[in-house]
Asks: 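Sharing a structure here in structure tokens format.
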Amino acid sequence: MKKATILATGIILLAFSATQANIFWTNSSGSGGYFDWQNGQSLYGLFGDPIFVGDNTFVFFPSNFRAESVNGVSDSVSDRLEFELIAHEGFSFQNISVIEYGDYGILGDGQVQVSGGLTVENMDTANSLFGTITATPSMPAISGQGAWQGQAQLGIGQIDWTRIKITFEDNLLAMSGDGSSSFIEKKVLGNAIAFQITPIPEPATVITLTIGAIFIFRDFRKKPAAA
């Protein structure tokens, strides 16, 4: 059995309304060389529609994924991304990783937070795995400005994971005091990460497939309001 490794770029957390009607991608179903995907959607459409690149990579262009707080009025923005993958004959999914990038700034008294989680469900057995985003620098950030990075990874390690549902949830939160401001957002990275298929010699030839899901973020940064 060949095993596939899924790498993602992207994020997660917070509770969302069960009554919210999801927004389907325009290309919500499709097929690649190693798997098919279906039911691609997000809660609010902030992730946008992905581009499928190189037979193993999803590229998303989220918009307005930014939280900004001024003069003590907190702000948050959240979205949830869902899609299903069905491995082609002879492949299974073994490892799922998520990575996301952004920037933040705090002027005066305030703090910013990114929180998120990754859930992978085996659609044949209903077994699930869950991981949370670990941010660098650690969150909440209470001063300064700069870039942040979040990542999570789930190892499956079983060959019967051939039909899976992936859920990414992401929340950005900004808070400030009187006369202060803060912001946190996702930003443009370009094609910063490359993925490739790697043959691994074993008694029977086994191919480890790396599947990238890269979330490339447009830069919607606004300058924090001056105190």
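The structure displayed is predicted, hence computed values, not measured ones.
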Asks: Are any of the side-chain heavy atoms of N39 and F24 separated by less than 4.5 Å?
Replies: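 Yes, close enough: below the 4.5 Å cut-off.
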Asks: If you measure from OG1 on T125 to CZ on R163, what distance do you get to the nearest 0.5 Å?
Replies: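 One gets 10.0 Å once the value is rounded to the nearest 0.5 Å.
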Asks: To check you understand the geometry: which heavy-atom pair defines the closest contact between A147 and Y104, and what is its length?
Replies: O-CE2, 3.9 Å
Asks: With a 4.5 Å limit on heavy-atom distance, are the side chains of D160 and N122 in contact?
Replies: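 Side-chain contact under 4.5 Å: yes.
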Asks: Measuring from S182:OG to M175:CE, what's the distance to the nearest 0.5 Å?
Replies: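 Going from the OG atom of S182 to the CE atom of M175 covers 8.5 Å.
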Asks: Do N171 and S78 meet the criterion of a side-chain donor-acceptor pair at a distance under 3.5 Å?
Replies: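 Present: a donor and an acceptor within the cut-off.
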Asks: Compare all side-chain heavy atoms of N64 with those of E185 and state whether any distance is below 4.5 angstrom.
Replies: no
Asks: Which atom pair, heavy atoms only, marks the closest approach of G32 to H88?
Replies: O-CE1, 2.9 Å
Asks: Run the side chain to side chain contact (heavy atoms under 4.5 Å, CB included) check on D170 and F65 step by step: do they pass?
Replies: CA-CA 10 Å; D170 206 11; F65 225 128; 4.0 Å; yes
Asks: First locate atom CE of M139, then atom OG1 of T134, and finally report the distance between them rounded to the nearest 0.5 Å.
Replies: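 Between atom CE of M139 and atom OG1 of T134 there are 12.0 Å.
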Asks: Identify the two heavy atoms, one from T162 and one from S92, that lie closest to each other, and give their separation to 0.1 Å.
Replies: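 T162 and S92 have their closest heavy atoms at CG2-CB, 3.9 Å.
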Asks: With a 3.5 Å cut-off and no angle check, do the side chains of T119 and T167 form a donor-acceptor pair?
Replies: no
Asks: What is the minimum heavy-atom distance between S76 and A67, and which atoms define it?
Replies: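 Shortest heavy-atom separation between S76 and A67 comes out as CA-CB, 4.0 Å.
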Asks: In terms of hydrophobic clustering (I, L, V, M, F, W, Y; side-chain heavy atoms under 4.5 Å; direct or indirect links), are F93 and L154 co-clustered?
Replies: yes
Asks: What's the shortest heavy-atom distance between A135 and V114, and which atoms?
Replies: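 Heavy atoms only, the tightest pair is CB-CG1, 3.8 Å.
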Asks: When the ring planes of F52 and F35 are compared, do they come out parallel, tilted or perpendicular, using 30° and 60° as the limits?
Replies: perpendicular
Asks: Once the angle between the rings of W25 and F83 is folded into 0 to 90°, is it parallel (under 30°), tilted (30 to 60°) or perpendicular (over 60°)?
Replies: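 Tilted: the ring planes of W25 and F83 meet at 30° to 60°.
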Asks: Give a yes or no answer on whether the side chain of N71 reaches the backbone of G179 with a donor-acceptor pair at less than 3.5 Å.
Replies: yes
Asks: Are I164 and F91 grouped together when hydrophobic residues (ILVMFWY) are joined by side-chain heavy atoms under 4.5 angstrom apart?
Replies: yes
Asks: What distance do L81 atom CG and I23 atom CD1 have between them, rounded to the nearest 0.5 Å?
Replies: 12.0 Å
Asks: Going by atom types alone, do Q151 and Q149 pair a side-chain donor with an acceptor below 3.5 Å?
Replies: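 Yes, a side-chain donor-acceptor pair sits under 3.5 Å.
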Asks: Checking the side chain of W37 only, and the main-chain atoms of N27 only, is there a donor and an acceptor separated by less than 3.5 Å?
Replies: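 Checked: pair present.
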Asks: Cation-pi check, R66 to F183: give yes when NZ or CZ is under 6.0 Å from the six-membered ring centre and within 45° of the ring axis, no otherwise.
Replies: yes
Asks: According to a hydrophobic-cluster definition based on side-chain heavy atoms being under 4.5 Å apart (Ile, Leu, Val, Met, Phe, Trp, Tyr only), do Y44 and V77 belong together?
Replies: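 Linked within one cluster.
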Asks: Run the side-chain hydrogen bond (donor to acceptor under 3.5 Å, both in side chains) test on S69 and D75 for me, step by step, so that the C-alpha distance in whole Å, both residues' side-chain angles and the decisive distance to 0.1 Å come before the verdict.
Replies: CA-CA 5 Å; S69 174; D75 184 32; over 6 Å; no
Asks: Would you say that S180 contacts L107 through its side chain, given a criterion of any heavy-atom pair below 4.5 Å between the two side chains?
Replies: no
Asks: Hey, what do you get for CD (E121) to CD (E84), rounding to the nearest 0.5 Å?
Replies: 8.5 Å
Asks: Stepwise, does the side chain to side chain contact (heavy atoms under 4.5 Å, CB included) test hold for F130 with L118?
Replies: CA-CA 6 Å; F130 178 75; L118 166 65; 5.9 Å; no
Asks: Taking atom types as modelled and ignoring hydrogens, do the side chains of S31 and D36 form a donor-acceptor contact shorter than 3.5 angstrom?
Replies: yes
Asks: Which atom names give the shortest non-hydrogen contact between V120 and I166, and what distance separates them?
Replies: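 In terms of heavy atoms, the two residues are closest at CG2-CG1, 4.4 Å.
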Asks: Which value, rounded to the nearest 0.5 Å, describes the distance between Q111 atom CD and I106 atom CD1?
Replies: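 Those atoms lie 7.5 Å apart.
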Asks: Could you see if L173 belongs to whatever hydrophobic cluster contains L43? Use Ile, Leu, Val, Met, Phe, Trp, Tyr and a side-chain cutoff under 4.5 Å.
Replies: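 Each belongs to a different hydrophobic cluster.
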Asks: Would you confirm whether the ring centroid of F47 sits within less than 6.0 angstrom of the ring centroid of F168?
Replies: no
